[in-house]
Amino acid sequence: MKRNIVIAVVTAAALVGGGTATALAVSGDDDDASTPVTRTDDDRDDRDDRSDDGGDDDGDDGDRAAAPGDVTAADAVAAALRHTPGTAVSAELDDAHWEVDVLGKGDTWHSVRVDPDTGKVLGSSEDDEDDTAEVRAALKGTSVTAEDAAKAAAAKGTVVSVDLDDDGDDRGWEAETRASGGDERDWNVALTTASVTADRDDD
């Protein structure tokens with residue numbers, strides 16, 4: 001019975017382009033002449049060098065999505081209103097930008113996107129909302145705007161959203177803040193005095 005024989009012989013050790021080369025002689029079932037296979041250590045070293053040259057592949061690209069940039073909620077509202085005049089009703093920081101809802105003339109609503117790092121308006125689109133009358137009624141005779149509410153709530157932490165609550169007798173601005181440790185809290189901002197109180201439903 002024939003048996004497979006594998007013989008590995010180190011035939012030479014030489015510097016090839018700055019690295020060592022190892023010749024392997026391999027024979028199989030047949031009697032063909034063995035074919036030397038040469039591998040240079042330089043190839044492996046090059047791969048190691050490439051992985052070390054700025055090769056930080058930890059996937060940090062998504063980390064910024066959850067963290068506010070230099071542009072505050074108040075800044076985002078101001079930028080949105082410069083781009084699209086009207087009444088800002090809400091501002092919220094999502095994964096990639098601030099989104100500010102602006103009630104324009106008549107029943108026209110706009111959603112304005114603002115870059116959280118530069119304050120530049122990225123774009124806007126018209127929205128369909130059916131609570132225009134309620135919003136205008138809630139804001140009638142008030143003096144505290146969404147921008148004012150965001151500035152007032154900023155004393156409690158980094159504001160990540162501000163929104164008008166136009167339901168019932170407890171009308172006012174609702175703000176959400178994020179502390180340096182990541183804890184989030186909800187606050188109520190009065191429509192006439194801008195006083196900030198803890199949301200009773202916030203546990």
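Please read these numbers as outputs of a predicted model, since none were measured by experiment.
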**Asked** Do Asp117 and Val71 pass the side-chain contact (heavy atoms from CB on, under 4.5 Å) test, and can you show the C-alpha distance, the side-chain angles, and the key distance before you say yes or no?
**Response** CA-CA 6 Å; Asp117 293 320; Val71 177; 5.8 Å; no
**Request:** Check step by step if side-chain contact (heavy atoms from CB on, under 4.5 Å) holds for Leu103 and Val135.
**Result:** CA-CA 9 Å; Leu103 174 57; Val135 168; 4.1 Å; yes
**Message:** Set out, in order, the CA-CA distance, both residues' side-chain angles and the distance that settles side-chain contact (heavy atoms from CB on, under 4.5 Å) for Asp127 and His110, then state yes or no.
**Reply:** CA-CA 5 Å; Asp127 281 345; His110 303 272; over 6 Å; no
**Val102 and Trp109: CA distance, side-chain angles, deciding distance, side-chain contact (heavy atoms from CB on, under 4.5 Å) verdict** = CA-CA 6 Å; Val102 178; Trp109 286 84; over 6 Å; no
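Rounding to the nearest 0.5 Å gives a distance of 10.0 Å between NE2 of His83 and CG of Leu122. The OG1 atom of Thr158 sits 8.0 Å away from the CZ atom of Arg178 when rounded to the nearest 0.5 Å. Rounding to the nearest 0.5 Å places CD of Glu92 at 9.5 Å from NE2 of His97. Atom OG1 in Thr72 sits 11.0 Å away from atom CG in Leu93 (nearest 0.5 Å). Here CD of Glu134 is found 8.0 Å from OG1 of Thr132. Values are rounded to the nearest 0.5 Å. Taking CG of Leu164 as the start and OG1 of Thr145 as the end, the distance is 11.5 Å to the nearest 0.5 Å.
Between Ala74 and Ala150, the closest heavy-atom pair is N-CB, 3.8 Å. In plain terms, the two heavy atoms of Ala76 and Val100 that are nearest each other are O-CG2, 3.9 Å. Between Ala152 and Ala194, the shortest heavy-atom distance links the atoms CB-O, 3.6 Å. Shown here for Asp163 and Ser90, the closest heavy-atom pair between the two residues is OD1-CB, 3.1 Å.
No donor-acceptor contact under 3.5 angstrom links the side chains of Trp187 and Thr197, judged on distance only.
With hydrogens and angles ignored, the 3.5 Å screen pairs no side-chain donor or acceptor of Trp98 with any backbone N or O of Asp75. Judged purely by atom type and a 3.5 angstrom limit, Thr142 has no side-chain atom pairing as donor or acceptor with the backbone of Val144.
Not a single side-chain contact (heavy atoms from CB on, under 4.5 Å) links Ser180 to another residue, sequence neighbours left out. Taking the salt bridge (Lys or Arg N to Asp or Glu O under 4.0 Å) definition, one finds that Lys151 meets it with Glu147, sequence neighbours left out.
Exactly one of Val189, Val196, Asp186 qualifies for a side-chain contact (heavy atoms from CB on, under 4.5 Å) with Lys156. That residue is Val196.
A salt bridge is absent between Arg113 and Glu99; no separation between the charged side-chain nitrogens and carboxylate oxygens falls under 4.0 Å.
Looking at heavy atoms from C-beta onward, Val162 lies out of side-chain contact with Glu174 at the 4.5 angstrom threshold.
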